[in-house]
Amino acid sequence: MICANLAAVRKNIAAAAERCGRDPGEIELLAVSKHMDVDAVREAWQCGQHLFGENFVQEAGDKIARLDPGITWHFIGHLQSNKAAAAARLFHMIETVDRLKVAAALDRHALRLGRVLDILVQVNTGLEKQKSGVAPEHAGQFLKELATLTCLRVRGLMTMPPYSPDPEHSRPFFKLLKELAEDLRAQKLFADNVHVILSMGMSNDFAVAVEEGSTLVRIGTAIFGERT
Ligand SMILES: *Cc1c(COP(=O)(O)O)cnc(C)c1O
């Protein structure tokens with residue numbers, strides 16, 4: 001089932017890319033495995049999926065210890081400073097950085113581990129009170145502050161638009177993130193201003209996200225089924 005789902009998702013990503021003249025190879029698929037057990041992750045990995053996303057540091061740590069060390073892990077949950085040490089050790093990328101305090105903690109732990117940590121800045125494109133992320137208008141200033149942290153590499157932006165069952169409702173928020181990234185790129189505020197990562201699109205709206213320039217889609221339900 002997981003293999004068939006993965007194949008279908010990949011096919012839909014490629015179809016969306018081709019519809020708008022993009023190379024499907026530009027778009028990475030992050031399999032979101034929160035609340036899924038180790039066997040489910042292993043099954044996806046055996047079907048060729050090497051990139052996974054987790055929302056909780058403790059849960060991820062338990063899984064990572066039991067799975068192939070070749071798997072690449074992204075953190076996509078809300079990160080607190082007291083989990084920064086474990087997060088810096090466990091993950092290849094933290095997609096949800098939105099506060100300098102947490103960023104500084106990640107930087108300190110990355111330095112201690114002798115590594116450079118890739119991060120994305122989470123942007124609250126819908127300006128929702130209950131959601132994490134920096135306001136779009138503050139992103140530039142935040143990236144300038146992050147540039148002082150030498151063990152972090154800001155690779156791009158991530159967003160989660162306001163929830164709607166209609167994927168078309170996500171489109172303006174994806175457009176906004178893309179335009180913001182172009183503006184920040186023009187100011188050379190990313191670690192790599194040629195390959196800027198745009199993490200946007202989930203199970204119900206990834207096709208729209210790809211049409212709007214996503215380079216990284218985060219998909220859980222469409223691969224693993226409904227979470228219980
Ligand atoms: C859970 C989650 C996803 C995956 O959502 P699905 O609708 O199951 O595809 C993507 N991104 C984030 C940040 C999540 O928390």
Side-chain angles (χ1 to χ4, degrees), residues 1-13 16 27-37 40-41 43-44 47 49-61 63-64 71-80 83 87 90-99 102 118-134 155-171 173-174 176-178 181 197-228:
M1 191 60 175
I2 290 175
C3 282
N5 290 347
L6 268 170
V9 167
R10 290 185 183 289
K11 193 161 155 257
N12 289 336
I13 292 170
I27 301 138
E28 278 198 290
L29 170 58
L30 181 81
V32 176
S33 49
K34 63 170 173 244
H35 302 334
M36 296 297 153
D37 62 19
V41 178
E43 193 176 332
C47 308
Q49 179 65 29
H50 289 262
L51 180 61
F52 292 86
E54 288 281 340
N55 292 59
F56 304 98
V57 174
Q58 173 80 49
E59 178 186 337
K63 285 181 203 168
I64 291 169
I71 293 178
T72 300
W73 296 92
H74 285 194
F75 184 76
I76 60 170
H78 180 69
L79 187 60
Q80 272 143 2
K83 298 280 168 63
L90 292 167
F91 292 95
H92 299 86
M93 185 183 283
I94 311 290
E95 295 200 14
T96 50
V97 175
D98 66 352
R99 280 171 301 154
V102 176
D118 283 336
I119 64 166
L120 303 180
V121 165
Q122 183 173 358
V123 181
N124 188 357
T125 47
L127 296 174
E128 294 173 278
K129 288 211 165 48
Q130 75 280 16
K131 277 225 178 97
S132 306
V134 297
R155 300 297 313 277
L157 306 178
M158 176 272 203
T159 199
M160 215 185 338
Y163 176 75
S164 164
D166 180 356
E168 279 303 323
H169 290 172
S170 298
R171 193 182 294 277
F173 301 100
F174 295 152
L176 195 161
L177 195 75
K178 169 77 177 173
I197 298 172
L198 279 183
S199 174
M200 55 188 200
M202 318 203 317
S203 289
N204 74 327
D205 59 11
F206 69 85
V208 172
V210 167
E211 288 168 13
E212 296 303 332
S214 174
T215 71
L216 179 61
V217 291
R218 311 179 307 269
I219 299 183
T221 311
I223 295 170
F224 296 108
E226 292 289 341
R227 290 177 287 272
T228 46

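Order of appearance sets the numbers: ligands from 1, and atoms from 1 within every ligand. Here the structure is a predicted model, which means the values were calculated and not measured.
At least one heavy atom of Met158 sits less than 4.0 Å from an atom of ligand 1.
Taken to the nearest 0.5 Å, the CD atom of Glu54 stands 6.5 Å off from the CZ atom of Phe91.
Distance from atom 1 (C) of ligand 1 to its nearest protein heavy atom, with residue and atom name: Lys34 NZ, 1.3 Å. Protein heavy atom in closest approach to atom 10 (C) of ligand 1: Met202 SD, 3.2 Å. In terms of protein heavy atoms, atom 8 (O) of ligand 1 is closest to Thr221 OG1, 2.5 Å. Looking only at protein heavy atoms, the nearest one to atom 9 (O) of ligand 1 is Ser203 OG, 2.5 Å. At the top of the distance list for atom 11 (N) of ligand 1, counting protein heavy atoms only, stands Arg218 NE, 2.8 Å.
Just one residue in the list Met160, Arg218, Gln122 forms a side-chain contact (heavy atoms from CB on, under 4.5 Å) with Glu95, and that residue is Arg218.
The backbone N or O of His35 sits less than 3.5 Å from a side-chain atom of Glu59, completing a donor-acceptor pair. Gln49 contributes a side-chain N or O that, together with a main-chain N or O of Leu51, makes up a donor-acceptor pair within less than 3.5 Å. Judged purely by atom type and a 3.5 angstrom limit, Lys63 uses its side chain to pair as donor or acceptor with the backbone of Ser33. Judged purely by atom type and a 3.5 angstrom limit, Thr96 uses its side chain to pair as donor or acceptor with the backbone of Gly77. When atom types are taken as modelled, the side chain of Ser203 and the backbone of Ala222 share a donor-acceptor pair closer than 3.5 angstrom. Of the possible polar contacts, none joining the Asp205 side chain to the Pro167 backbone as a donor-acceptor pair under 3.5 Å is found.
Atoms of ligand 1 lying under 4.0 Å from at least one heavy atom of Ile219, given by number and element, are 9 (O). Counting atoms of ligand 1 from 1 in the listed order, those under 4.0 Å from a heavy atom of Ile76 are 11 (N), 12 (C), 13 (C), 14 (C). Those atoms of ligand 1 with a heavy atom of Gly220 less than 4.0 angstrom away are 4 (C), 6 (P), 8 (O), 9 (O). Under a 4.0 Å criterion applied to the non-hydrogen atoms of Asn55, ligand 1 contributes the atoms 14 (C), 15 (O).
For ligand 1, the polar-atom distance check finds no N/O of Asn204 at less than 3.5 Å from any of the ligand's N/O atoms.
The part of Arg227 lying near ligand 1 is the side chain, judged by heavy-atom distances below 4.0 Å.
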